[in-house]
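My questions will all concern the structure given below.
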Amino acid sequence: MKIRIKNNSIRLRLTKTEVDTFAKTGKFTATTQFGTKTLTYALKAKPNISEVEADFVGDGIVVYFPEAASKTWAKSNRVGYDNNVDWNDETKLSVLVEKDFTCLDNTIEDQSDNYPNPKLQG
């Protein structure tokens, strides 16, 4: 799972295997080591929500995904889910969770588990 953070936005991109695991278990977690500290970022299914949400918990970021959608997303053509989380003040957090497509350029990154890029299909 890739995470991209820019200002007040968070974007998670998941490969096919990661989306399948998330659909089966209701969660997917990744970590990044910083010496003795660990940043954790997780996608978790949550009941009774209709849009993605996010929170900072302990030393990590948790993105909550509508539980009902988590069970069907892997088999659907839907690319992703997004939301602007309103903190009831002047700030909002843009959250995007999406399937990871193969890149259009020549990258050295392993993309064997990514979804086929629709722009490459004729």
Side-chain angles (χ1 to χ4, degrees):
M1 177 167 57
K2 296 178 191 172
I3 187 168
R4 179 178 180 186
I5 301 171
K6 183 175 180 181
N7 299 324
N8 250 31
S9 68
I10 296 172
R11 176 181 175 189
L12 298 179
R13 294 173 72 189
L14 288 83
T15 65
K16 289 187 250 182
T17 301
E18 293 165 346
V19 172
D20 287 341
T21 300
F22 175 66
K24 290 175 188 161
T25 66
K27 64 183 176 180
F28 194 86
T29 302
T31 59
T32 302
Q33 293 295 133
F34 291 90
T36 61
K37 297 266 189 181
T38 302
L39 171 66
T40 301
Y41 45 106
L43 181 63
K44 293 186 178 181
K46 182 178 178 182
N48 305 317
I49 63 171
S50 58
E51 298 181 275
V52 290
E53 301 174 353
D55 201 1
F56 196 84
V57 180
D59 289 329
I61 298 164
V62 180
V63 175
Y64 296 104
F65 198 93
E67 186 177 59
S70 72
K71 298 175 188 319
T72 59
W73 184 38
K75 303 267 188 251
S76 77
N77 288 330
R78 184 162 180 174
V79 173
Y81 292 80
D82 66 321
N83 185 26
N84 287 311
V85 180
D86 190 344
W87 302 114
N88 295 319
D89 60 20
E90 69 280 353
T91 64
K92 290 186 189 225
L93 177 67
S94 174
V95 181
L96 173 61
V97 179
E98 63 186 351
K99 295 174 180 174
D100 197 6
F101 292 119
T102 55
C103 295
L104 295 174
D105 58 4
N106 294 327
T107 182
I108 58 170
E109 178 183 336
D110 178 11
Q111 300 184 74
S112 60
D113 195 29
N114 290 17
Y115 290 87
N117 194 312
K119 292 184 178 181
L120 292 176
Q121 298 174 359

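All residue numbers in this chain count up from 1 along the given sequence.
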Kindly give the heavy-atom pair with the smallest separation between Ala54 and Val95, and that separation in Å.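 Distance-wise, the nearest heavy atoms are CB-CG2, 3.9 Å.
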
NZ on Lys6 to CZ on Arg11, rounded to 0.5 Å: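 So the gap between those two atoms works out to 11.5 Å.
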
Quick one: which residue pairs count as a side chain to side chain donor-acceptor pair (under 3.5 Å) with a foot in residues 24-37, not counting sequence neighbours?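 Sorted pair list: Gln33-Thr38.
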
Pairs meeting criterion side chain to side chain donor-acceptor pair (under 3.5 Å) with involvement of residues 60-71, two or more places apart: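 Sorted result for residues 60-71: empty, none.
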
For residues 77-85, which side-chain N or O atoms pair as donor and acceptor with protein atoms under 3.5 Å away, sequence neighbours left out?
residue: Arg78; atom: NE; partner: Gly80; partner atom: O; Å: 2.9
residue: Asn83; atom: ND2; partner: Val52; partner atom: O; Å: 2.8

Can you tell if the side chain of Asp100 reaches within under 4.5 Å of the side chain of Leu14, non-hydrogen atoms only?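 They are not in side-chain contact.
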
Which residues end up grouped with Leu96 if you chain together Ile, Leu, Val, Met, Phe, Trp and Tyr wherever their side-chain heavy atoms are less than 4.5 Å apart?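 Reading the cluster by chain and number, Leu96 sits alone, since nothing else belongs.
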
Tell me every residue that passes side chain to side chain contact (heavy atoms under 4.5 Å, CB included) with Asn7, counting only those two or more places apart in sequence or in another chain.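 With sequence neighbours excluded, Asn7 shows a side chain to side chain contact (heavy atoms under 4.5 Å, CB included) to no residue whatsoever.
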
Do Phe28 and Val62 sit in the same hydrophobic cluster, where Ile, Leu, Val, Met, Phe, Trp and Tyr count as joined when their side-chain heavy atoms come under 4.5 Å apart?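 No, Phe28 does not connect to Val62 through the hydrophobic network.
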
Using the side chain to side chain donor-acceptor pair (under 3.5 Å) criterion, which residues pair with Ser76? Sequence neighbours excluded.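 For Ser76, no residue satisfies side chain to side chain donor-acceptor pair (under 3.5 Å) once neighbours in sequence are set aside.
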
Side-chain contact test, heavy atoms from C-beta onward, threshold under 4.5 Å: evaluate it for Trp73 versus Val97 and give yes or no.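 The answer is yes; the side chains approach within 4.5 Å.
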
Does any pair with a residue in residues 41-62 pass side chain to side chain donor-acceptor pair (under 3.5 Å), and if so which ones, sequence neighbours excluded?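 Every side chain to side chain donor-acceptor pair (under 3.5 Å) pair that includes a residue of residues 41-62, provided the two are not neighbours, is Lys46-Glu53.
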
List in chain and number order the residues that pass ring-ring contact (aromatic ring centres under 6.0 Å, His included) with Phe22, two or more places apart in sequence or in another chain; answer none if no residue qualifies.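 Once residues adjacent in sequence are excluded, the partners of Phe22 under the ring-ring contact (aromatic ring centres under 6.0 Å, His included) criterion are Phe65.
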
Apply side chain to side chain contact (heavy atoms under 4.5 Å, CB included) to Ile61 and Leu12, showing your working. CA-CA 11 Å; Ile61 298 164; Leu12 298 179; over 6 Å; no

Applying a strict under-4.5 Å side-chain criterion to I, L, V, M, F, W and Y, I'd like to know whether Val63 and Val57 cluster together.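 No, it is not one cluster - the side chains of Val63 and Val57 are not joined through contacts under 4.5 Å.
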
Would you kindly confirm whether Leu93 and Leu43 end up in one hydrophobic cluster when ILVMFWY residues are joined by side chain heavy atoms under 4.5 Å apart?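 Hydrophobic grouping puts Leu93 with Leu43.
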
